[in-house]
Amino acid sequence: METESKSKREVAREVAREVMPSKILSDSNLKVPVKRPLKVKSLCEVCHARKAVMRRPKNFSSLCKECFYQAFETEIHNTIVGNKLFYSGESVAIGASGGKDSTVLAYIMKILNERYNYGLNLVLLSIDEGIKGYRDDSLATVKRNQQQYEMPLEIVSYKDLYSWSMDEIVASSGIRSSCTYCGVLRRQALDRGAAKLGINHVVTGHNADDVAETVLMNLLRGDTARLENSTAIMTSSSGSPIKRSKPFKYTYQKEIVLYAHYKKLDYFSTECTYAPEAFRGTARQLLKNLEAVRPSCIIDIIHSGENFKLKEKRKRETLQYKKNCRNVQQIKEGNNKNIDNPIEVRSDGSVSIFKGEKKSANGFVDGNRCEKCGYLSSNKICKACILLQGLEHNRAKVLIDTDTSVDGAAVLTKTLEKLTF
Amino acid sequence: MSSSTTKAGAVVCSRCKIEESLLVTRKEAFCSSCFTKFISNKQRKLMSSDKFKVKYGKQVNEIHKVLLCLSFGRSSLVLLDIIINLLKEQRSIHRGRQGFKLVVIDIEFKILNIDSFLSGSYDFERIKLFKDFNSMIIKDGSSLDEKFPQTVQELLSKCSSNSSVEDLLDIIYNELYFNTCKSEDCHTMIFGHSMTKLAVDILALTIKGRGSLVNQRVTDGIHTYQKYQVEVVHPLRDVLDSEIDKYLDLNNLMQFCDNNNDTNTTLAIKKLTKNMTIGEITRRYFDTLDKDYSETVSTVVKIGSKLIDPISEKNDEKDDNNGIQFCKICNCKIFKNPQAWLNRITVEEPFPITNDEERAAYEMYKEAALQISPDNLEEEEEEEEEEGVPQKEPISLCYGCLVTIGGVPKEGLDWPVRNQETQEILNEYILTDNGSDDDGNDDDNDDDGGN
Amino acid sequence: MSRGGLDQNFNGIKTKQLTVQKESSPILFKDLINHIVENYISNKKDLETFIEEDTIRPGILVLINDTDWELEGKEDYELENGDLITFTSTLHGG
């Protein structure tokens with residue numbers, strides 16, 4: 001399709017066509033600019049044969065598209081193989097939110113699986129938290145991904161699992177503590193979705209920026225329990241056999257976005273409508289500022305994080321107790337205070353009920369099931385049920401105020417949508 | 001923490017209950033003198049060892065020397081004031097005698113000579129980083145004739161990145177402080193770092209990939225430098241920046257502050273982010289954070305103080321004793337090979353040439369590259385080393401220095417590198433366990449009484 | 001072209017053909033930025049997500065004809081007829 005610009009002589013102009021937001025732009029829609037003769041200095045620094053189109057934040061190499069694809073894909077392959085993430089014949093669930101990281105993850109897993117014969121069975125696993133206006137759109141994207149990548153898709157919803165949607169949780173306990181709830185609930189939802197499919201391994205799109213941010217957050221919060229594991233590429237909740245790994249651990253967010261753009265991958269892009277926890281937001285901003293000054297800082301932080309080692313704890317019980325109390329306080333903010341037993345939410349999302357006895361790090365019994373919901377848990381009641389127990393008290397209030405609170409959340413949604421990406 | 005009021009309605013100091021309170025910190029109201037005492041006591045608690053006290057009997061002639069690193073920034077000034085008052089007090093109580101001798105060092109890097117921070121013998125070399133993260137010393141004819149920088153300023157002026165300059169200065173200062181301890185015969189070195197500064201350092205070191213140095217730089221303890229033992233103390237580690245400022249105010253010391261050299265100033269208003277250094281950005285972060293999350297500073301220092309040396313990777317290199325390698329720039333221990341790590345996560349293989357157009361471009365590149373210098377060709381172009389072609393010698397660097405070298409111009413960084421003999425002495429550089437308990441308090445140190 | 005949710009800033013506009021005029025040539029990228037800010041951004045909040053400290057906010061990827069603007073001279077790039085400019089935000093979850 002010709003563009004109109006050719007017929008006009010203006011001083012400068014950008015070419016565009018009105019395109020439906022969901023349509024993928026194909027090459028024919030874009031005008032290819034007149035090719036100028038290549039200068040040596042604008043050549044790709046790796047192959048020296050094509051024009052460089054991007055500069056890698058890791059080492060400032062300028063690469064052409066083809067070399068970039070190759071570097072990007074090979075590095076992830078090396079991460080997978082180097083860390084022995086998979087074994088042949090394994091079934092793997094890809095945590096798919098429809099966002100850029102998980103879409104690219106699904107794409108990459110597919111092509112690497114084929115190219116290098118990992119022998120994996122891949123499935124898309126999506127969580128519906130029940131956030132109006134946000135999750136609906138992203139789920140639509142995941143459904144398209146299912147078609148595009150020819151993978152089976154499983155959707156698990158909070159409402160079905162816990163009989164609470166995020167909209168309801170926020171209405172009940174406020175935005176601030178909701179992020180903590182959502183994190184705990186999502187991890188369990190992923191595990192349960194995988195278990196439902198008979199799968200033991202979930203991969204998520206956590207990228208290098210996320211890992212670096214986690215390292216900083218753990219320092220800022222003084223989280224001695226999690227600090228040494230901030231950069232772990234594979235984790236699992238105690239009491240659960242489900243493994244979770246991050247093939248994108250060393251992959252820059254910027255490169256993921258570029259890759260998705262060049263390859264014209266279909267993804268949905270809006271920040272969760274409930275604003276990110278304020279503290280983490282400041283850490284994210286700090287990271288962005290640092291990256292602007294020294295782009296390699298992201299892997300530099302990961303390097304530091306991988307080498308962190310803490311002194312052996314001597315007064316373990318005291319620390320455990322303090323941690324329990326702090327965790328409980330964080331979660332209970334703005335909530336009723338009916339929970340008697342302090343609970344410890346561990347880094348991997350598992351929870352233990354501290355009965356005043358000394359607990360060893362791995363003191364759990366496999367095969368325990370939550371009394372309330374039957375989910376595999378190291379305790380009598382799984383953490384999701386504990387957290388939600390507290391919310392039940394506010395349930396009645398929510399029902400009465402239903403319209404205003406839902407509207408309120410929705411209005412907030414719209415406002416926040418404009419602020420963040 | 002009750003505060004009562006005088007008849008006039010002013011709040012009274014919660015300590016002496018007499019004077020009017022002039023400030024509030026940590027939920028307590030203080031008058032001027034009680035506040036000064038409050039801060040001074042923090043220093044005394046951390047320097048409570050006998051070696052700082054006035055000695056009698058057999059030990060009467062033992063002089064313990066303490067080096068105070070003064071930057072004329074706010075906290076080091078406060079520390080100086082406190083120590084001077086302490087010494088004055090000792091003299092008045094003990095009839096003119098002091099418990100220790102104070103040596104003060106103030107560094108003005110702009111006039112620093114290149115050999116001022118060196119001890120032992122050095123070779124001046126040019127260090128360059130190559131594409132596969134290999135760091136090499138370039139030895140070619142021209143660099144011998146070329147004038148090696150004479151001052152630190154000259155050396156640093158070639159760096160393209162402010163953060164690299166900051167990092168190298170940090171290394172230089174550290175070297176200089178320890179050298180001075182040794183040459184002045186001081187066995188204790190004290191820094192005025194406030195809690196805020198320590199928190200900034202912990203984060204900044206992490207960000208620069210120098211997480212393994214946090215333990216050394218932030219905790220109090222005994223360091224061994226070239227067979228010389230020094231105890232490093234940060235007596236104001238429990239004092240917040242805001243309290244530092246109040247101390248200066250109340251004691252009329254603001255006039256002595258050198259704001260240019262000050263790491264305390266909030267630079268947020270003054271600079272654009274893109275011109276700031278890692279340290280400045282981190283400092284600004286804490287300044288803006290403290291209003292809502294005032295506990296973050298102490299939390300970070302607490303966890304930072306609990307860090308210990310990382311586990312060493314097994315080293316195949318037969319370079320040094322016990323396979324321990326030391327960075328040739330900053331002399332820190334290398335726990336894991338940085339090149340290997342970086343190469344594992346960075347793989348750049350050329351995508352094959354597919355058509356004539358690409359082939360033509362490649363030919364064009366080859367021609368241009370050969371014209372400039374044979375050295376500029378990538379590693380893949382194996383060239384025989386001939387006469388006149390620069391020789392390269394690998395040099396081991398720690399991760400942090402590797403990253404910093406990324407911020408210098410293409411020709412490389414000119415730097416004094418220790419030669420073999422000095423290196424052997426330094427291989428005895430060990431960090432002894434400071435034996436502190438969970439609270440981060442030092443156990444009583446053994447009185448060294450000289451080496 | 002705005003992607004990655006940036007269209008929210010521009011009242012939902014995803015792609016737009018623009019004409020930038022200036023007295024003197026050449027027209028630089030920074031002139032385009034000013035043009036956009038003056039004509040397409042209506043309120044302060046939207047502005048803050050696009051511009052920070054006088055330049056494009058870090059976290060927003062800028063491509064000129066699919067090439068990273070850092071390789072083309074950033075704000076000093078001289079615009080040409082038919083150039084396609086893409087702004088993509090990288091600041092959201094995936």
Side-chain angles (χ1 to χ4, degrees), chain A residues 38 40-41 43-51 56 58-61 63-64 66-67 69-71 74-75 78-79 82 215-216 218-224 227 250 278-279 282-283 285-286 289-290 292-294 296-297 299-301 303-311 313-315 318-319, chain B residues 131 133 161-163 202-203 205-212 273-274 276-278 281-282 285 288-289 292-293 296 299-300 302-304 306-311 335-336 338 341-342 344-353 358-359 361-362 364-366 368-369 399-400 403 406-407 437-438:
Chain A
L38 282 178
V40 173
K41 64 172 178 164
L43 285 175
C44 166
E45 283 174 15
V46 175
C47 67
H48 312 293
R50 288 166 281 254
K51 178 176 184 242
R56 304 199 75 191
K58 262 179 194 168
N59 55 12
F60 292 131
S61 302
L63 300 187
C64 63
E66 288 80 1
C67 290
Y69 296 155
Q70 184 157 282
T74 311
E75 283 170 12
N78 286 355
T79 301
V215 173
L216 291 183
N218 286 340
L219 273 180
L220 291 167
R221 286 198 293 226
D223 199 329
T224 47
L227 187 68
Y250 296 110
F279 195 40
T282 65
Q285 182 64 30
L286 171 63
N289 286 334
L290 291 167
V293 156
R294 189 185 262 190
S296 67
C297 74
I299 43 166
D300 298 342
I301 293 172
H303 181 266
S304 291
E306 282 184 3
N307 292 314
F308 276 155
K309 190 152 179 3
L310 289 167
K311 259 190 276 196
K313 295 186 233 179
R314 275 191 228 166
K315 301 173 188 171
T318 315
L319 283 166
Chain B
K131 271 293 171 190
F133 302 109
S161 150
N162 285 343
S163 297
I202 291 169
L203 230 54
L205 285 169
T206 303
I207 292 162
K208 296 193 284 190
R210 293 186 182 279
S212 55
T273 304
K274 63 178 180 184
M276 293 173 85
T277 64
I278 304 270
I281 293 176
T282 312
Y285 175 75
T288 53
L289 197 57
D292 294 329
Y293 304 101
T296 310
T299 305
V300 172
K302 258 203 204 111
I303 194 173
K306 293 186 181 143
L307 286 171
I308 58 176
D309 280 352
I311 307 166
F335 296 94
K336 285 193 181 146
W341 189 83
L342 284 165
R344 268 200 294 271
I345 63 172
T346 313
V347 178
E348 287 170 4
E349 293 297 324
F351 190 77
I353 294 175
E358 291 170 4
R359 205 160 292 128
Y362 184 67
M364 186 172 61
Y365 156 77
K366 258 178 55 179
Y399 187 92
V403 175
D437 63 331
D438 281 357

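Computed over heavy atoms, backbone and side chain alike; hydrogens, waters and symmetry mates excluded.
The aromatic rings of B/Tyr399 and B/Trp341 lie perpendicular to each other, with more than 60° between the two planes, well past the 30° mark. Taking the six-membered ring where tryptophan is involved, the planes of A/His48 and B/Tyr365 are essentially parallel, since the angle between them stays under 30° and well short of 60°.
At a threshold of 4.0 Å, the pair A/Glu306-B/Lys336 does not count as salt-bridged, since none of the basic side-chain nitrogens sits closer than that to a carboxylate oxygen. With respect to the salt-bridge test (charged N to carboxylate O, under 4.0 angstrom), the residues A/Lys58 and B/Glu348 do not qualify.
Looking at A/Asn78, the atoms closer than 4.5 Å to chain B (heavy atoms on both sides) all sit in the side chain, from C-beta outward. Heavy atoms closer than 4.5 Å to chain A are found in both the backbone and the side chain of B/Thr206. For A/Gln70, the part sitting under 4.5 Å from any heavy atom of chain B is the side chain, from C-beta outward, and nothing else. Using a 4.5 Å cut-off between heavy atoms, A/Leu227 contacts chain B through its side chain alone, with no backbone atom that close. For A/Leu219, the parts sitting under 4.5 Å from any heavy atom of chain B are the backbone and the side chain alike.
By the side-chain hydrogen bond (donor to acceptor under 3.5 Å, both in side chains) test, A/Thr79 pairs with no residue at all, sequence neighbours left out.
Heavy atoms from other residues, nucleotides or ligands lying under 6.0 Å from NZ of B/Lys302 number 12 at most.
Counting heavy-atom pairs under 4.5 Å between each of B/Ile207, B/Thr299, B/Leu342 and chain A puts B/Ile207 at the top. The greatest number of non-hydrogen atom pairs below 4.5 Å with chain A, out of B/Gly304, B/Pro352, B/Gly400, is found for B/Pro352.
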